[in-house]
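Counting from 1, the numbers follow the sequence of the chain as shown. Side chains included, hydrogens not; waters and symmetry mates left out as well; all remaining heavy atoms used.
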Amino acid sequence: MKRVEGGIALKRLRQIVTKAVVAKGKKRTEERVTLCPTNKPTSILGCWVINHTCSAKKVGKFVEVSGKFDVNVWYAYSNHSKTAVFSETVHYKDKVKLHFRDGEVTVGDDVRVRVIQEPNCMEAIISPCGTKFEIVVERETVVEVMGEMTICISVHPLDFEEEWNFNDESSSSSSSSSSSSSSSSSSSSDGRFVLESSSFPDERPR
């Protein structure tokens with residue numbers, strides 16, 4: 001039960017220290033990658049990006065996302081008489097600016113990175129010199145910085161129960177029918193029905 005002092009229920013407060021997201025950042029990048037195949041290409045037949053991995057760490061007011069992916073280019077050479085697949089691993093570093101919800105606060109280095117757009121080939125062409133590939137790769141990431149936050153909660157005993165105001169209900173059929181007949185419904189402007197009930201004096205025999 002609630003402890004009452006002077007007719008007023010006393011509330012006990014507790015502080016809980018927990019972790020929450022205190023800053024976020026988001027960045028979309030389009031990067032032009034230059035690759036040098038073994039053979040002089042005649043045409044590009046296909047290009048795909050696979051095996052993407054990344055990690056993040058906080059650096060001042062930014063988060064640095066470091067990652068890598070493999071670029072595979074299927075191309076023809078020797079005047080379209082032969083084909084080959086050229087593969088190369090590309091490393092990158094993206095600097096993502098942080099945005100704080102409650103102003104800049106001192107936080108730890110607990111950073112999470114979420115990839116919205118995996119590295120994807122947008123364009124693949126042969127360079128003007130005719131010996132290299134120029135690949136445009138897009139990617140997008142979201143970073144989150146976790147920090148300790150303090151919240152306050154109201155604490156009650158285990159046997160505490162909220163006070164409810166229950167209306168007296170009669171189990172007799174006559175009272176039920178009277179209550180049913182006294183209830184009416186009206187339609188509101190948004191199409192919902194509102195139940196309107198009237199209260200009656202006690203008709204039980206004295």
Side-chain angles (χ1 to χ4, degrees), residues 15-151 153 190-191:
Q15 291 184 336
I16 296 179
V17 179
T18 184
K19 281 192 173 184
V21 177
V22 297
K24 279 190 176 185
K26 181 179 180 181
K27 186 173 185 179
R28 183 179 183 275
T29 305
E30 290 185 10
E31 180 182 6
R32 184 174 293 272
V33 179
T34 301
L35 307 178
C36 301
T38 306
N39 306 292
K40 183 179 179 180
T42 305
S43 63
I44 294 176
L45 305 177
C47 180
W48 58 96
V49 182
I50 58 174
N51 299 331
H52 175 234
T53 59
C54 64
S55 61
K57 66 177 181 179
K58 185 173 176 293
V59 181
K61 299 179 182 179
F62 296 85
V63 168
E64 187 178 80
V65 179
S66 302
K68 63 178 182 178
F69 52 84
D70 295 336
V71 180
N72 297 276
V73 183
W74 182 31
Y75 68 102
Y77 66 97
S78 187
N79 198 22
H80 298 287
S81 63
K82 296 180 181 180
T83 63
V85 175
F86 178 78
S87 180
E88 185 171 315
T89 300
V90 177
H91 296 260
Y92 70 87
K93 284 187 179 181
D94 289 337
K95 199 174 182 180
V96 185
K97 184 179 180 181
L98 289 174
H99 299 271
F100 294 82
R101 181 178 292 277
D102 300 316
E104 295 184 13
V105 295
T106 302
V107 296
D109 296 327
D110 189 0
V111 180
R112 297 187 302 183
V113 57
R114 180 161 47 94
V115 180
I116 297 178
Q117 172 64 62
E118 293 285 350
N120 178 59
C121 175
M122 298 181 62
E123 182 183 34
I125 62 174
I126 298 175
S127 63
C129 66
T131 59
K132 300 178 182 179
F133 299 132
E134 292 186 359
I135 313 297
V136 178
V137 179
E138 65 170 346
R139 59 180 180 271
E140 187 172 6
T141 56
V142 170
V143 295
E144 298 174 336
V145 179
M146 310 295 292
E148 287 190 348
M149 305 291 291
T150 302
I151 59 176
I153 64 169
D190 59 358

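Residues passing the salt bridge (charged side-chain N to carboxylate O under 4.0 Å, His left out) test with Lys40: none are found, sequence neighbours excluded. Listed by chain and number, the residues in a side-chain contact (heavy atoms from CB on, under 4.5 Å) with Thr150 are Gln15, Val17 (sequence neighbours excluded). A search for side-chain contact (heavy atoms from CB on, under 4.5 Å) contacts involving Ala23 returns Leu98, Phe100, Val145, not counting sequence neighbours. For the side-chain contact (heavy atoms from CB on, under 4.5 Å) test, residues two or more places apart in sequence or in another chain that qualify with Thr53 are Lys68. Under the side-chain hydrogen bond (donor to acceptor under 3.5 Å, both in side chains) criterion, Ser78 pairs with Ser81, sequence neighbours left out. Residues satisfying the ring-ring contact (aromatic ring centres under 6.0 Å, His included) criterion with Tyr75, sequence neighbours excluded, are Tyr77, Phe133. Partners of Ser87 under the side-chain hydrogen bond (donor to acceptor under 3.5 Å, both in side chains) rule, at least two apart in sequence or in another chain, are Asn72. Listed by chain and residue number, His52 satisfy the side-chain hydrogen bond (donor to acceptor under 3.5 Å, both in side chains) test with Glu118 (two or more places apart in sequence, or in another chain). With sequence neighbours excluded, the residues satisfying salt bridge (charged side-chain N to carboxylate O under 4.0 Å, His left out) with Glu30 are Arg28. Residues forming a side-chain hydrogen bond (donor to acceptor under 3.5 Å, both in side chains) with Glu64 (at least two apart in sequence, or on another chain): none.
Distance check: Glu31 CD to Met122 CE gives 13.0 Å after rounding to the nearest 0.5 Å. Between atom OG of residue Ser127 and atom CD of residue Glu134 there is a gap of 5.5 Å, rounded to the nearest 0.5 Å. With rounding to the nearest 0.5 angstrom, the NZ atom of Lys132 is 13.0 Å from the CD1 atom of Ile125. Atom CD1 of Ile16 and atom CD1 of Ile151 lie 5.0 Å apart (nearest 0.5 Å). Here the straight-line distance linking atom CG of Asn51 with atom OG1 of Thr89 works out to 8.0 Å at 0.5 Å rounding.
Nearest heavy-atom pair, Pro119 versus Val137, reported as atom, atom and distance to 0.1 Å: CB-CG1, 3.8 Å. Ile135 and Cys121 make their closest contact through CG2-SG, 3.9 Å (heavy atoms, listed as atom of the first residue, atom of the second, distance). The heavy-atom pair separating Pro41 from Gly130 by the smallest distance is CD-O, 3.6 Å. The nearest pair of heavy atoms linking Asn79 to Thr42 is N-OG1, 3.3 Å.
Using a 4.5 Å heavy-atom cutoff, the side chains of Val21 and Arg112 are in contact. In this structure, the side chains of Cys54 and Val113 come closer than 4.5 Å at one or more pairs of heavy atoms.
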Are Asn120 and Val49 close enough, and set up right, to give a side chain to side chain contact (heavy atoms under 4.5 Å, CB included), and what steps lead you there?
-> CA-CA 6 Å; Asn120 178 59; Val49 182; 6.0 Å; no

Which is it for Phe86 and Trp74 under the side chain to side chain contact (heavy atoms under 4.5 Å, CB included) test, yes or no, and what are the steps along the way?
-> CA-CA 6 Å; Phe86 178 78; Trp74 182 31; over 6 Å; no

Evaluate the criterion side chain to side chain contact (heavy atoms under 4.5 Å, CB included) for residue pair Thr141 and Ile116; output intermediate values, then yes/no.
-> CA-CA 5 Å; Thr141 56; Ile116 297 178; over 6 Å; no

Output, in order, the C-alpha distance, side-chain angles, deciding distance and verdict of side chain to side chain contact (heavy atoms under 4.5 Å, CB included) for Met146 and Val111.
-> CA-CA 6 Å; Met146 310 295 292; Val111 180; over 6 Å; no

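Sorted by first then second residue, the ring pair (Phe, Tyr, Trp, His ring centres under 6.0 Å) pairs that include residues 30-49, not counting sequence neighbours, number zero. Applying the salt bridge (charged side-chain N to carboxylate O under 4.0 Å, His left out) definition to pairs two or more places apart or across chains, those involving residues 82-99 are Asp94-Arg139.
Ion pair Glu140/Lys26 flagged as a salt bridge, since at least one NZ, NE, NH1 or NH2 atom sits closer than 4.0 Å to an Asp/Glu carboxylate oxygen.
Annotation for Lys27: atom NZ counts as buried by contact number, over 12 foreign heavy atoms lying within 6.0 Å.
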